[in-house]
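Read through the structure below, which is laid out as structure tokens, and then see the notes.
Note that these values count all heavy atoms, side chains included, but never hydrogens, waters or copies made by symmetry. Whatever order the structure lists ligands and atoms in, that order sets their numbers, starting from 1.
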Amino acid sequence: MAALLLLRRKLSTFAFSRVLDDNVEGFRLHVELNIRALVGGYSLSRQYSNRSSAKKIDFTDLTCPHTWYPNARRKNRKVILHVGPTNSGKTYQALKRLESSPSGIYCGPLRLLAWEVAKRLNKAKVPCDLITGQERDEVDGAKHKSVTVEMADVTFDYSCAVVDEIQMLGCKTRGFSFTRALLGISANELHLCGDPAAVPLIEEILKVTSDDVEVRHYNRLSPLIPLKKPLGSFHNIHKGDCIVTFSRQKIYKLKKEIENGGKHLCSVVYGSLPPETRTRQATMFNDSSSEFDVLVASDAIGMGLNLNISRIIFSTMKKFDGNEMRDLTIAEVKQIAGRAGRYGSKFPTGEVTCLDVDDLPLLHTSLNSPSPILERAGLFPTFDLMYMYSRLHPRKGLYQILEYFLENVKLSQNYFITDGAEMLKVAAVIDEMPLSLHDKYLFCISPVDMDDDISSQGLTQFAQSYAKKGIVRLKEIFTPGTLRVPQTENALKELESIHKVLDLYVWLSFRLEESFPDRELAASQKAICSMLIEEFLQGLGWQKPIANKLPSRSKLSTLLSKDTTQYL
Ligand SMILES: Nc1ncnc2c1ncn2[C@@H]1O[C@H](COP(=O)(O)OP(=O)(O)OP(=O)(O)O)[C@@H](O)[C@H]1O
Ligand SMILES: [Mg+2]
């Protein structure tokens with residue numbers, strides 16, 4: 001951990017899984033602009049102006065979340081649900097509409113998808129910004145935006161909006177961001193793409209809005225064949241195969257094993273890999289002139305992505321979900337299997353199988369069953385509700401406020417409360433610091449991984465410095481020029497964590513610009529981290545000489561010895 005200095009405070013580890021992505025933009029706009037938000041039919045500003053009547057408001061009443069979005073409620077939105085199996089052209093049709101609209105927004109669940117859509121629109125001469133928690137790639141004259149769903153702006157008026165993978169509104173950690181997009185985006189046309197299992201719930205939720213809802217059903221565009229035979233041995237791997245497994249150790253083990261066979265080089269994609277590395281690994285696999293013709297991946301590839309995969313091979317049908325090992329759900333199996341044989345790709349007929357014969361029955365039954373109907377959508381109290389509540393209870397810290405809301409919240413039958421465990425972990429650490437409620441909240445929704453020691457210590461350090469001095473210089477915590485190519489898998493994990501800390505700095509720099517002034521340095525060091533990780537990945541297993549994949553060693557060492565943004 002040579003690169004991270006002054007990380008003094010060790011945090012206790014928690015058993016919860018990773019929770020929140022970035023949704024601060026939405027919340028901040030909420031605070032600034034949503035003073036007219038309606039709670040249970042009352043105007044919050046009117047009620048709030050009078051303390052005694054404010055006391056009568058039950059801020060934990062979340063039974064009418066559609067009233068939180070006055071802009072969308074003023075519209076008579078035309079909502080089109082594009083539903084069907086994977087690879088049926090749902091996103092394609094919605095994007096065609098987006099492309100031909102005078103202004104619009106695409107909201108996706110993954111940075112990779114937002115990136116793919118921005119690239120596609122710009123290529124089609126429709127200028128499109130790419131906005132994620134840690135990126136603002138603005139294009140001259142753009143009236144379109146491609147964003148990760150947490151960044152959707154619910155105060156802006158669009159001609160057309162697309163929310164992809166809408167069934168994610170049932171996700172226990174990120175569901176509320178999809179619900180917010182569903183209820184809050186103000187657009188003439190709102191296109192929702194996803195699994196048919198979400199249709200009844202969405203229709204029910206939208207009964208209380210004045211939207212017109214139309215459902216369009218799609219069929220698969222090209223066949224997906226579930227094989228009766230398992231792979232059996234890695235000797236049977238061929239070009240275009242993607243082996244799916246769920247732990248990073250297993251990913252590296254499989255990559256080594258396949259590469260040591262001497263026939264194939266493997267790209268890898270998994271969640272904690274820096275997003276830019278994931279993008280490059282996926283691009284390398286997709287590129288038919290590249291020697292990386294096999295993919296080893298986790299379920300990080302499982303949603304909406306168009307990759308040149310001919311066959312998906314499940315190395316296991318079980319996954320650790322933060323608490324226990326469990327079988328993959330029907331929806332997960334279908335999503336992952338659906339990456340094989342994408343229409344219009346090099347492999348238009350897809351195949352799917354397992355490594356082990358014992359796993360085949362679960363694969364086959366999952367592929368033949370409909371996904372269970374979604375019963376409820378995620379919801380989370382908005383910052384302004386918590387803020388109003390805090391004004392009446394000034395002694396309570398953010399932890400107590402969050403806990404109070406999570407325990408007392410009232411919901412209609414269409415909703416469940418999103419898991420607040422990650423936010424509570426952060427609140428427990430920063431509540432004693434002299435920070436405003438809003439700043440504390442901001443740290444709570446930042447993309448910190450509190451289960452990762454280095455990442456959580458980074459957050460603590462940033463919050464402490466910010467509380468004490470109001471300005472956080474990156475060099476206080478990080479020494480540029482000390483990053484090295486990892487030699488072991490542990491060193492690799494450490495580098496991934498350092499990347500997360502740098503990523504957190506960039507994220508904070510977009511929200512507290514003056515207090516986190518070293519965005520460029522953090523971004524350049526992030527880029528170096530991902531190159532070093534890729535260098536490590538290339539050094540694994542069997543080696544073929546590879547031309548021009550990365551900067552040469554000498555170029556890399558020049559990069560490492562000075563601060564640069566050259567590779568951003
Ligand atoms: N009408 C079409 N003409 C040409 N290409 C198409 C057409 N429809 C779909 N495609 C292509 O087929 C592939 C799959 O389409 P798309 O990504 O829209 O499927 P999807 O139903 O959204 O799948 P998923 O559920 O996995 O997200 C994409 O590469 C897309 O560009
Ligand atoms: Mg799609």
Yes or no: does Glu165 have any heavy atom under 4.0 Å from an atom of ligand 1? yes

Give a yes or no on whether Thr91 keeps an N, O or S atom under 2.8 Å from the Mg ion (ligand 2). yes

Whether Lys145 engages the ring of Tyr158 as a cation-pi pair (distance to the six-membered ring centre under 6.0 angstrom, angle to the ring normal within 45°) should be assessed. no

May I ask which of Lys334, Arg342, Lys90 has a heavy atom nearer to atom 17 (O) of ligand 1 than the others do? Arg342

Numbered in order shown, the ligand 1 atoms found under 4.0 Å of a heavy atom of Leu221 are 8 (N), 9 (C)

What do you reckon, does Ser88 have a nitrogen or oxygen under 3.5 Å from a nitrogen or oxygen of ligand 1? yes

Does the pair Lys334/Asp195 count as a salt bridge with the N-to-O cut at 4.0 Å? no

Are Glu276 and Arg278 close enough for a salt bridge, meaning some N to O gap below 4.0 Å? no

Please list, in number order, the atoms of ligand 1 under 4.0 Å from a heavy atom of Asn306. 13 (C), 14 (C), 17 (O), 28 (C), 29 (O)

Please check whether Arg339 reaches ligand 1 - meaning an N/O of the residue sits under 3.5 Å from an N/O of the ligand, judged on distance alone. yes

When you check the gap from the basic side-chain N to the acidic O, do Glu324 and Lys319 get nearer than 4.0 Å? no

Polar contact flag for Gly89 and ligand 1 (N/O pairs, less than 3.5 Å): yes

In the structure I gave you, are the side-chain heavy atoms of Val506 and Leu502 within less than 4.5 Å of one another anywhere? no

Heavy-atom pair of closest approach, residues Ile166 and Val163: CD1-CG1, 3.9 Å

